[in-house]
Protein chains: 2
Amino acid sequence: MKNRNPVVHKLLESFVQFHKLNWKQSPMVSLKSSEIMVLFSIKKLMNPDTPGIKMSDISNALRVASPTITQLINSLETNGFVERTMDKEDRRAVRVKLTDKGEGAIEKASESFYEAFNGLAEFLGEENSNLLADLLSQTFTYFEKRKKEIF
Amino acid sequence: MKNRNPVVHKLLESFVQFHKLNWKQSPMVSLKSSEIMVLFSIKKLMNPDTPGIKMSDISNALRVASPTITQLINSLETNGFVERTMDKEDRRAVRVKLTDKGEGAIEKASESFYEAFNGLAEFLGEENSNLLADLLSQTFTYFEKRKKEIF
DNA sequence: AATAAATTATTAGGCAACCTAAATATATAT
DNA sequence: ATATATATTTAGGTTGCCTAATAATTTATT
């Protein structure tokens with residue numbers, strides 16, 4: 001990394017630092033942050049005229065392998081945050097929906113996420129917040145493209 | 001997360017996306033990225049008139065608990081990337097330094113990191129790259145401060 | 001219709017990157 | 001001399017993922 005473009009070095013340093021950041025801090029003592037992410041994505045995908053979300057849809061939404069979702073849903077189900085039901089049209093599929101407890105949990109989590117990120121948005125200022133979000137998305141695009149090109 | 005400030009939502013979304021990003025992709029098949037980070041920090045801390053870096057210094061530099069460093073150094077040592085020596089002034093301490101193999105490895109890793117981040121800097125443009133690095137650092141500051149205030 | 005191929009989810013087992021608590025050895029302070 | 005502090009290691013655990021193999025069912029092909 002020697003005597004090269006200092007911007008590059010600065011970028012790398014900030015990435016390292018940022019990466020350590022635990023911004024996903026679970027506000028619910030009883031839920032891991034991966035579980036909260038699952039609840040969020042169920043909430044987001046859910047619509048009133050379906051009996052629940054398919055495992056594979058959660059897996060796609062979170063870009064996580066399906067056995068991972070199985071495990072997370074197992075734990076969420078045994079703790080009463082979600083319910084599994086059989087899909088009547090496709091008996092291979094499983095439909096998952098939030099219980100009232102689940103709804104309550106994401107209500108709280110949502111509150112606390114909002115508070116944290118609202119604080120950040122205030123701290124950075126609206127313009128910078130927008131900029132940051134855009135730059136992060138661009139960075140994501142860059143690395144995804146790069147990955148495809150290399151392999 | 002309903003009908004609230006859209007900037008906040010956008011920030012959160014971009015964080016989620018960015019967080020998944022595997023920008024630390026280890027270029028050396030035989031080294032995990034945590035191990036590369038250790039090698040980097042040894043290289044950075046090293047100075048010609050010491051016989052090596054103390055475990056605790058690596059641990060502080062990377063902000064990782066010392067048993068974690070012990071494990072990483074164990075593996076790096078058995079694979080010949082670093083060498084442990086006793087500290088003659090303080091016999092509790094251990095000094096770690098890079099072997100030639102270790103130097104070679106971080107040379108290559110450094111090359112490949114630089115290439116990736118240089119590409120990013122070009123992709124974003126110099127001004128935006130600087131901005132991104134600054135905003136990430138500010139974000140780090142914000143969350144660190146928040147953590148302290150809450151607990 | 002029968003068989004093959006694809007899809008959905010689960011089970012089993014593993015890995016990376018961390019952590020804490022307790023143990024060991026040595027150094028420093030009282 | 002004893003207590004306390006520091007440096008490292010050992011032992012064992014957690015989180016968040018993964019792949020390969022299996023079971024059940026659906027869809028496509030002959």
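Protein chains get the first letters and strands the later ones, always in sequence-line order, with residue 1 at the start of each.
For the OP1/OP2 pair of C:dA17 and a distance below 4.0 Å, the side-chain nitrogens and oxygens of B:Ser33 include at least one atom meeting the criterion. Put simply, A:Arg91 has a side-chain N or O that comes within less than 4.0 Å of OP1 or OP2 on D:dT25.
B:Asp90 comes within 4.0 angstrom of the backbone, heavy atoms only, and of no base.
Ring-plane geometry between B:Phe123 and A:Tyr142 is classed as tilted, the angle between the planes lying from 30 to 60 degrees on a 0 to 90 degree scale.
A straight line from CG of A:Asn74 to C1' of D:dT15 spans 16 Å, rounded to a whole angstrom. Atoms CD (A:Glu89) and P (D:dA24) sit 22 Å apart, rounded to a whole Å. Nucleotide D:dT8 holds its P atom 10 Å from the CZ atom of B:Arg84, rounded to whole Å. Per the geometry, NZ belonging to A:Lys88 stands 14 Å off P belonging to D:dT26, to the nearest Å. Atom CD1 in B:Ile73 sits about 15 Å away from atom C1' in C:dA17, given to the nearest Å. As a whole-Å value, the separation of B:Asp87 CG from D:dA7 C1' is 10 Å. Atom pair B:Lys32:NZ and C:dG14:P shows a separation of 16 Å (rounding to whole Å applied). For B:Glu35 and C:dA16, the CD to P distance is 8 Å, given to the nearest whole Å.
Of the residues in residues 43-62 of chain B, those placing a heavy atom less than 4.0 Å from an atom of DNA chain D are B:Lys54, B:Met55, B:Ser56, in numerical order.
Side-chain atoms of A:Thr68 do not come within 3.5 Å of backbone N or O of A:Val64 as any donor-acceptor pair. Looking at A:Lys20, its side chain does come within 3.5 Å of a backbone N or O of B:Leu62 through a donor-acceptor pair.
Salt-bridge formation is not detected for the pair B:Glu83/B:Arg95: no Lys NZ or Arg NE/NH1/NH2 atom is positioned less than 4.0 Å from an Asp or Glu carboxylate oxygen. Salt-bridge check for A:Glu111 with A:Lys108: failed, with every basic side-chain N at 4.0 Å or more from each acidic carboxylate O. Comment: B:Lys24 does not engage B:Glu35 in a salt bridge, judged by the lack of any side-chain N to carboxylate O separation of less than 4.0 angstrom.
When distances run from any side-chain atom of A:Arg92 to the nucleotides C:dT7, D:dT9, D:dT15, the shortest one goes to C:dT7.
At a threshold of 4.5 Å between non-hydrogen side-chain atoms, the residues A:Leu120 and B:Phe143 count as touching. At a threshold of 4.5 Å between non-hydrogen side-chain atoms, the residues B:Ser129 and B:Phe117 do not count as touching.
In this structure, the side-chain contact (heavy atoms from CB on, under 4.5 Å) partners of B:Lys101, at least two apart in sequence or on a different chain, are B:Phe81, B:Thr99.
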Review item, nucleotides 18-22 of chain C N/O atoms under 3.5 Å of protein N/O:
{"from": "C:dC18", "atom 1": "N4", "to": "B:Gln71", "atom 2": "NE2", "distance (Å)": "3.4"}
{"from": "C:dC19", "atom 1": "OP2", "to": "B:Ala65", "atom 2": "N", "distance (Å)": "2.6"}
{"from": "C:dC19", "atom 1": "OP2", "to": "B:Thr68", "atom 2": "OG1", "distance (Å)": "3.1"}
{"from": "C:dC19", "atom 1": "N4", "to": "B:Gln71", "atom 2": "OE1", "distance (Å)": "3.4"}

